[in-house]
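Scroll down for the structure; my scribbles are underneath it.
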Amino acid sequence: MDDISKLLQEAKPLYFSRKRQRNRIKVGICTLVGVVMLSLFVPQKSSYIDNGEWVDYEQYISQVSPIEEMGLPVDEFGLLMVG
């Protein structure tokens, strides 16, 4: 019985050091995944349009609104003006 107590006392620091190391690895992986997920939401300068070509987002926005082409009143964003 005394031998088991000595083994447990000897193994205790090793057990806790491995546990801390595993927790650090888990935190590192979670942080990496979080940063990657947040980077997906950062607005990009250019966007990929359905026709397969890269188009500059600002140039795409500055085109005339289809509502404006129909002769309806629009605001500065190209949206239909109500009221």
Side-chain angles (χ1 to χ4, degrees):
M1 193 70 151
D2 192 36
D3 292 335
I4 295 175
S5 305
K6 287 181 182 178
L7 285 175
L8 287 175
Q9 286 179 350
E10 195 175 314
K12 185 177 178 181
L14 295 173
Y15 170 76
F16 284 118
S17 68
R18 284 186 183 174
K19 187 175 179 180
R20 277 193 304 272
Q21 184 180 12
R22 286 187 190 125
N23 284 339
R24 286 180 186 158
I25 291 171
K26 288 177 191 176
V27 167
I29 290 173
C30 289
T31 303
L32 182 64
V33 168
V35 167
V36 168
M37 293 300 290
L38 286 176
S39 70
L40 295 176
F41 295 109
V42 173
Q44 302 295 323
K45 178 84 172 153
S46 58
S47 62
Y48 193 65
I49 308 301
D50 289 337
N51 63 3
E53 297 177 10
W54 284 97
V55 177
D56 187 22
Y57 185 68
E58 292 170 358
Q59 179 186 7
Y60 185 71
I61 293 273
S62 67
Q63 294 175 354
V64 178
S65 168
I67 299 171
E68 189 176 2
E69 289 178 356
M70 291 190 290
L72 297 170
V74 295
D75 59 5
E76 66 270 7
F77 300 110
L79 301 172
L80 182 61
M81 203 181 297
V82 181

message = Is there a side-chain contact between Asp75 and Met81 in this structure, where contact means two heavy atoms from C-beta onward sitting under 4.5 Å apart?
response =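 Touching, per the 4.5 Å side-chain cut-off.
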Test item: Val74 and Leu79 side chains (from C-beta on) under 4.5 Å apart, heavy atoms =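 With C-beta onward as the side chain, the pair stays apart.
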Please list every donor-acceptor pair under 3.5 Å in which a side-chain atom of residues 8-26 meets a protein atom from a residue at least two apart or in another chain.
residue, atom, partner, partner atom, Å
Ser17, OG, Pro13, O, 3.3
Ser17, OG, Leu14, O, 2.9
Asn23, ND2, Lys19, O, 3.4

ask   = Under a single-linkage definition using a 4.5 Å side-chain heavy-atom cutoff for Ile, Leu, Val, Met, Phe, Trp and Tyr, are Val33 and Leu40 assigned to the same hydrophobic cluster?
value =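 Yes, Val33 connects to Leu40 through the hydrophobic network.
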inquiry  = Checking one residue: Phe41. Which other hydrophobic residues are in its cluster under the side-chain 4.5 Å linking rule?
reply    =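 Besides Phe41, the hydrophobic cluster comprises nothing; the residue is isolated.
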